[in-house]
Protein chains: 2
Amino acid sequence: MSLDERKMKILKTIISTYLETGEPVGSRTIAKDSDLHLSSATIRNEMADLEELGYIIQPHTSAGRIPSDLGYRYYVNQMMEEHDMEIREKEEEIEAERQMMFQKMDRMEEMLKSVADVLANDTNYATLVSTPHIRESKLKFIQLSMVDHCRMLAVIVVGNETVKNLLMNVEDPLSNEEILKLNILLNSFLQGLTLNEISLELMHTMKVQAGLHATILETVFSGIVEAIHEANDMEIYTSGATNILKYPELANPSQTTALLDTLVEKKQLVKLVDETVSDQEKHGIQVYIGSENQLPSLKDCSIVTATYDLEEGGTGTVGIIGPKRMDYRKVVHTLKNLTADLDEIFNKKS
Amino acid sequence: MSLDERKMKILKTIISTYLETGEPVGSRTIAKDSDLHLSSATIRNEMADLEELGYIIQPHTSAGRIPSDLGYRYYVNQMMEEHDMEIREKEEEIEAERQMMFQKMDRMEEMLKSVADVLANDTNYATLVSTPHIRESKLKFIQLSMVDHCRMLAVIVVGNETVKNLLMNVEDPLSNEEILKLNILLNSFLQGLTLNEISLELMHTMKVQAGLHATILETVFSGIVEAIHEANDMEIYTSGATNILKYPELANPSQTTALLDTLVEKKQLVKLVDETVSDQEKHGIQVYIGSENQLPSLKDCSIVTATYDLEEGGTGTVGIIGPKRMDYRKVVHTLKNLTADLDEIFNKKS
DNA sequence: ATTAGCACTCATTTAATCCGAGTGCTAATA
DNA sequence: TATTAGCACTCGGATTAAATGAGTGCTAAT
């Protein structure tokens with residue numbers, strides 16, 4: 001026994017009805033709703049088969065059927081193959097509004113935060129956005145300068161976007177010439193290097209050349225380390241966590257806490273995103289359904305993720321977390337558009 | 001009829017028992033637990049009086065009593081007067097651990113975020129930390145520099161802590177001399193000014209002097225505006241929002257969502273904190289109980305806030321949000337310690 | 001002024017019952 | 001052979017009823 005045309009059609013109807021209602025779907029409903037004209041009895045037989053095949057599940061004896069993880073998986077795969085996704089209505093307005101927001105913000109972090117917010121608002125699911133993850137960021141530029149008599153500012157530019165500022169107290173102010181010398185020293189030695197190209201030896205040589213100001217270099221070095229780490233590490237922003245409370249099947253008290261915690265505790269999500277990135281695939285869209293998720297607290301959720309790229313090789317992730325019965329079509333479509341936008345913006349910008 | 005010695009004692013017992021258990025307290029419990037040796041009947045009479053006076057409430061006819069907002073208020077005021085708060089055990093370790101964290105971080109934002117986290121962990125309540133709010137930040141320092149051929153970096157230092165970076169593309173690179181000139185121009189004209197001291201006329205004069213590079217100034221100006229705004233605006237960090245789910249009286253589905261939303265949507269909290277700051281009082285500790293809160297979603301919560309100060313006059317807020325039956329003693333004590341630490345750190349640092 | 005005693009209230013728990021959506025199976029039908 | 005009609009059966013959820021028990025208010029006795 002295998003999935004013939006009719007079974008497929010029934011399965012699809014079951015899933016999409018369930019996506020709408022969140023209630024188990026019975027044979028009669030399908031007999032009425034679907035366009036194949038069959039009696040409920042026939043549908044029942046087919047449903048029994050579909051259950052045996054593992055695509056659907058009966059939560060209890062006298063209930064309709066709901067999709068199993070396998071069923072969702074089938075549905076999603078099927079959907080992914082349909083290239084021609086009809087453009088959704090309102091989409092354009094939202095698009096425009098989004099562009100507006102993007103224009104105004106200059107700092108990537110701020111923008112990504114607001115992407116998470118907008119997305120959560122649009123979709124009514126929880127969202128997650130990670131900053132780009134760059135393997136080995138290089139030091140681009142350093143500049144020291146005196147802010148006032150006793151404070152010195154170090155500006156460190158890493159990769160292409162990250163800028164780190166370091167404010168430090170110095171006992172006696174340095175003259176312009178001294179500062180200039182230090183700047184030249186720093187840049188000529190360090191520009192273009194990654195973290196592990198900066199050896200102890202190199203640092204020693206520099207300190208010798210710096211003479212009196214070796215202690216300043218000390219501080220600058222540790223600032224550099226932090227800056228590069230910051231650039232390498234990804235930050236994760238989430239939004240709309242409470243949206244999940246809108247779905248009764250997730251709002252049950254015992255799971256709710258764990259779930260919300262997962263969404264708020266960024267640490268767990270970092271792992272999640274890490275795995276996503278390594279699972280790359282065409283379109284850059286990934287769908288994890290129920291128990292396919294690594295985190296046990298997400299076993300009743302689905303996650304759809306997409307990646308966006310930076311010209312220089314960094315890769316960031318955008319994700320949506322919702323109930324297993326989420327509107328996959330819409331979500332996938334939205335994410336595709338969004339990442340396309342992000343790609344464009346970041347690559348225009350740099 | 002007024003609060004005599006005995007009534008006070010009974011009221012205190014009711015409240016502290018309720019703080020522990022979260023269940024309405026009956027007359028028998030008190031007869032047994034309190035050290036005044038009275039029968040439950042007597043207690044009942046006294047309780048009836050206390051209820052009439054408005055300090056306690058019967059949730060329904062055949063239940064024990066719980067504190068009313070007025071009751072909590074009485075309890076808290078009473079407590080505030082006891083100056084000699086015994087030092088809590090473990091406190092020292094926690095303290096040490098905290099110091100560790102503080103040492104490592106250089107950026108205030110990062111630190112405040114982690115303060116929120118640590119606090120939420122320690123207390124099992126939701127926490128809130130705002131960055132210092134400064135009325136009129138002054139521009140301290142500007143510096144332009146070329147990062148590479150086509151990109152220019154503007155570093156803008158505002159107030160005493162905030163540093164803003166602005167990365168912009170320029171068609172043709174500027175020479176060192178040109179940059180130097182611009183820097184001198186910018187600093188000599190703008191240093192020490194607040195936002196509304198930077199007039200259109202001033203900007204015009206500067207543009208004339210800049211000649212070819214007027215467009216760059218344009219961009220820098222808008223960067224300055226943003227930087228000062230950023231410094232003026234306060235940012236709010238929250239943590240441990242899901243802790244409130246631990247308290248059954250708050251976990252009821254209908255309120256939960258609104259409550260969590262409030263904690264996550266920073267915008268609402270901004271107002272809250274604003275009011276707090278204006279309500280200043282001795283010790284800088286504020287307690288808002290139940291309906292004393294401005295936000296309706298917090299009507300079943302209590303908020304305890306404390307403020308910390310920056311040398312330059314900025315004031316930030318630390319707050320704890322929990323059920324009305326929160327452990328006020330502990331919370332007030334913790335906040336006092338914490339803000340003392342913060343004061344010290346910030347004032348040593350700058 | 002305090003206490004013992006008793007009738008009363010009412011949220012909560014437990015059990016009993018009903019209801020209906022949905023199934024599986026069998027026998028009739030096309 | 002595939003489909004359908006019909007019917008007995010199952011079981012979760014909602015509704016109702018009864019039992020429980022913590023706690024009160026009031027009164028009369030101490």
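Letters A, B, ... mirror the listed sequences (proteins, then strands); counts begin at 1.
Taking atom CD1 of residue A:Ile43 and atom P of nucleotide D:dG6, one finds them 18 Å apart after rounding to whole Å. In this structure, B:Asn45 places its CG atom 9 Å from C1' of D:dC26, rounding to the nearest Å. Taking atom CZ of residue B:Arg44 and atom P of nucleotide D:dA28, one finds them 16 Å apart after rounding to whole Å. Going from atom CG of A:Leu50 over to atom C1' of C:dT23 covers 15 Å, rounded to whole Å. Atom CE in A:Met47 sits roughly 8 Å away from atom P in C:dG24 (whole-Å rounding). For the pair A:Glu46 CD and D:dT4 P, the computed distance is 11 Å after rounding to whole Å. Rounded to an integer number of Å, the gap from B:Ile10 CD1 to C:dT2 C1' is 13 Å. Here the C1' atom of nucleotide D:dG21 and the NE2 atom of B:His60 are 12 Å apart, to the nearest Å.
Across D:dA5, D:dC11, C:dG24, the shortest atom-to-atom separation from the side chain of A:Ala48 is found for C:dG24. You'll find that the side chain of A:Ser62 is closest to D:dT10, out of C:dC10, D:dT10, D:dG12. Nearest nucleotide to the side chain of B:Gln58, out of C:dT3, C:dT23, D:dG25: D:dG25.
Residue B:Lys271 places its NZ atom among 12 or fewer non-hydrogen atoms of other residues, nucleotides or ligands, all under 6.0 Å distant.
The base of C:dC10 is not paired with the side chain of B:Thr61 by any donor and acceptor separated by under 3.5 Å.
Atoms CD1 and CD1, on B:Ile303 and B:Ile289 in that order, are 11.0 Å from each other to the nearest 0.5 Å. The CG atom of B:Leu245 sits 5.5 Å away from atom OG1 of B:Thr256, with the distance rounded to the nearest 0.5 Å.
Contact annotation: B:Thr42 reaches the phosphate of C:dT3 (side-chain N/O to OP1 or OP2, under 4.0 Å). At C:dT23, none of the side-chain N or O atoms of A:Arg28 fall inside 4.0 Å of OP1 or OP2 (strictly under the cut-off). OP1 or OP2 of C:dT2 sits under 4.0 Å from a side-chain N or O of B:Arg6. For A:Ser27 and C:dT23, the shortest distance from a side-chain N or O to OP1 or OP2 is below 4.0 Å.
Checking C:dA21 for Watson-Crick or G-U wobble geometry (two distances, each under 3.5 Å) identifies D:dT10 as its partner. Across all strands shown, C:dT3 forms a Watson-Crick or G-U wobble pair with D:dA28, both key distances being under 3.5 Å.
A heavy-atom distance below 4.5 Å is not found between the side chains of B:Val25 and B:Arg65.
Heavy-atom nearest nucleotides on DNA chain C were determined for B:Pro59 and for B:Ala41, and the one closer to the 5' end corresponds to B:Ala41.
Residues B:Thr13 and B:Ser34 have side chains that never bring a donor and an acceptor to within less than 3.5 angstrom of each other.
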